[in-house]
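All remarks here apply to the structure that follows.
Position 1 is the first residue of the sequence, and the numbers go up from there. Remember, it's a predicted structure, so these values are computed and weren't measured experimentally.
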Amino acid sequence: MRPVHTALAVLVAAVWGFNFVVIEIGLDHFPPLLLSALRFLVAALPAVFFVGRPKVAWKWIAGVGIALGVAKFGLLFTGMDAGMPAGLSSLVLQIQAVFTAVLAAVVLRERPGRVRVLGMAVALAGIAVAAVDGGTSGPVLGFTLVVAAAACWGVSNVLTRRAAPPDALNFMVWVCTVPVLPLIALSLLLEGPERDLAALRALDWSGVAVIGYVAWVSTVFGFAAWSYLLRRYPASSVAPFSLLVPVFGMSSAALVLGESVSGLRWLAAVLLVGGVALTSLAPARAVNRTGVGSGVSAGSPPATAAASPVPSGSLRTSGAAAPRSG
């Protein structure tokens with residue numbers, strides 16, 4: 001990769017990592033489900049009027065929008081609101097690679113090789129260490145919700161693989177339109193109209209900046225830049241940069257929010273990032289109808305936009321690595 005593009009890839013990883021800190025700050029201004037709804041609303045508008053009509057069937061847009069936007073981000077934001085630290089959330093969310101690999105094996109018949117199975121085992125060991133660390137520094141409920149968010153992200157990754165959108169940015173913008181109304185309805189039902197109205201009435205420049213960052217910087221800029229890199233370079237060259245997201249997430253949370261990073265958390269980070277690297281970058285073998293491995297490589301990491309990224313926080317098109325954002 002050219003130095004300028006390497007710098008762009010690192011910048012996107014930093015943007016997605018810092019996004020967890022911004023979410024944490026945003027939760028001081030908004031209830032979690034309302035914040036997630038506002039993120040997708042602002043990310044979709046006015047971009048949806050400039051990207052053209054959807055290039056895949058609506059069933060895929062709706063499926064990914066529900067799995068990624070409503071379930072994944074709803075659970076992530078709620079888990080962080082329940083006390084899950086921002087840095088630890090950025091790390092634990094990476095277990096989505098394991099969920100994606102398992103679901104791809106079941107649904108897409110991508111048979112994992114030995115290296116990928118080893119990576120899944122290492123990543124799960126990292127989650128176990130993170131759970132021990134989380135049990136001493138944060139609520140079990142918040143940790144569980146973030147793991148559930150990672151599982152939902154895995155579902156959205158597999159749906160995106162099946163959709164195989166020819167234009168990743170067009171697909172992501174239209175996906176952003178789906179979660180808005182369901183999240184607003186859930187917020188009114190679970191968080192209450194009084195709390196939502198109070199948050200909107202108290203909106204200040206800090207709250208506006210939070211929404212602007214998670215919607216335009218993390219989602220629109222992050223995903224557009226990532227898609228640009230994937231168009232110019234093989235996914236295997238771009239994908240490893242997404243492993244920097246939890247590094248930036250944990251570092252920025254420590255610097256900005258004062259979160260402590262214990263020895264156990266660093267151990268969890270090494271295991272998780274290493275395991276995700278093996279799981280994501282090792283090729284999987286597609287199984288044909290006779291059950292014999294065809295030798296077709298899955299190629300790139302099984303993760304999505306997104307949030308996020310959406311990056312997350314992030315999606316994956318056919319043959320393209322998806323971002324791992326918050």
Side-chain angles (χ1 to χ4, degrees), residues 16 18-45 65-90 92-93 134 138-153 156 175-220 249 252-253 256-259 305-314 325-326:
W16 284 333
F18 186 68
N19 192 49
F20 288 88
V21 172
V22 177
I23 293 170
E24 187 74 34
I25 295 172
L27 291 172
D28 293 331
H29 295 267
F30 307 96
L33 296 176
L34 177 62
L35 176 59
S36 188
L38 292 173
R39 170 189 188 164
F40 286 105
L41 175 63
V42 175
L45 297 176
I66 292 171
L68 181 71
V70 179
K72 183 252 183 175
F73 280 104
L75 289 168
L76 172 64
F77 283 30
T78 303
M80 293 179 65
D81 189 59
M84 184 70 168
L88 187 58
S89 296
S90 72
V92 171
L93 200 62
V140 175
L141 176 61
F143 185 93
T144 304
L145 289 174
V146 174
V147 172
C152 293
W153 197 354
S156 75
V175 163
C176 286
T177 66
V178 174
V180 178
L181 292 180
L183 284 169
I184 290 176
L186 286 171
S187 180
L188 291 172
L189 179 65
L190 301 176
E191 296 166 344
E194 296 83 4
R195 188 180 176 192
D196 288 350
L197 286 174
L200 293 174
R201 287 170 179 164
L203 183 64
D204 55 15
W205 285 110
S206 177
V208 171
V210 164
I211 296 173
Y213 186 95
V214 297
W216 291 331
V217 180
S218 177
T219 304
V220 178
S252 59
V256 178
L257 303 176
E259 290 185 6
S308 285
V310 190
S312 248
S314 304
S325 58

### Residues that F18 engages under ring-ring contact (aromatic ring centres under 6.0 Å, His included), provided they are two or more places apart
Y213

### Query
Roughly how far apart are F30 CZ and R195 CZ, rounded to 0.5 Å?
12.0 Å

#### Entry: From CG (L35) to CZ (R39), nearest 0.5 Å
8.5 Å

### Task
Could you pull out the closest heavy-atom pair between P31 and A199, with the gap in Å?
CD-CB, 3.8 Å

### Task
Give a yes or no on whether the backbone of S218 and the side-chain of W16 come within a donor-acceptor separation of less than 3.5 Å.
yes

### Message
Checking V175 against F40 for the side-chain contact (heavy atoms from CB on, under 4.5 Å) test, could you report, in this order, the C-alpha distance in whole Å, the side-chain angles of both residues, the deciding distance, and whether it holds?
### Response
CA-CA 9 Å; V175 163; F40 286 105; 5.7 Å; no

In a table with atom names and distances, give each donor-acceptor pair under 3.5 Å that connects a side chain of residues 176-191 to protein atoms at least two apart or in another chain.
residue: T177; atom: OG1; partner: W174; partner atom: O; Å: 2.6
residue: S187; atom: OG; partner: E191; partner atom: OE1; Å: 2.5
residue: S187; atom: OG; partner: D196; partner atom: OD1; Å: 2.9
residue: S187; atom: OG; partner: D196; partner atom: OD2; Å: 2.7
residue: E191; atom: OE1; partner: L34; partner atom: N; Å: 3.4
residue: E191; atom: OE2; partner: L33; partner atom: N; Å: 2.8

Contacts table for residues 143-150: side-chain donor-acceptor under 3.5 angstrom, sequence neighbours left out:
residue: T144; atom: OG1; partner: V140; partner atom: O; Å: 2.9

### Message
Looking at every non-hydrogen atom in both residues, tell me the closest pair between A43 and T219 and how far apart they are.
### Response
CB-CG2, 4.1 Å

### Query
To the nearest 0.5 Å, how far apart are OG in S89 and CD in E24?
7.5 Å

### Query
Where is the tightest heavy-atom contact between G26 and V210, given as atom of each residue plus distance?
CA-CG1, 3.6 Å

### Summary
Of all heavy-atom pairs linking E259 and L88, the shortest is OE1-N, 4.4 Å

### Query
Should M80 and I23 count as side-chain neighbours, where that means a heavy-atom distance under 4.5 Å?
yes

### Query
What distance separates S206 OG from I25 CD1, expressed to the nearest 0.5 Å?
7.0 Å

### Task
I would like to know whether L68 and C152 meet side-chain contact (heavy atoms from CB on, under 4.5 Å); could you show each step before the answer?
CA-CA 7 Å; L68 181 71; C152 293; over 6 Å; no

### Query
Is a side-chain N or O of W216 found less than 3.5 angstrom from the main chain of I211, in a donor-acceptor match?
no

### Task
Using modelled atom types only, decide if a donor and an acceptor are shared between the side chain of S36 and the backbone of P32 within a distance under 3.5 Å.
no

### Task
Check the pair L93, K72 against side-chain contact (heavy atoms from CB on, under 4.5 Å), reporting the backbone distance first and the verdict last.
CA-CA 10 Å; L93 200 62; K72 183 252 183 175; 3.9 Å; yes

### Query
Between S90 (side chain) and G87 (backbone), is there a donor-acceptor pair under 3.5 Å?
yes

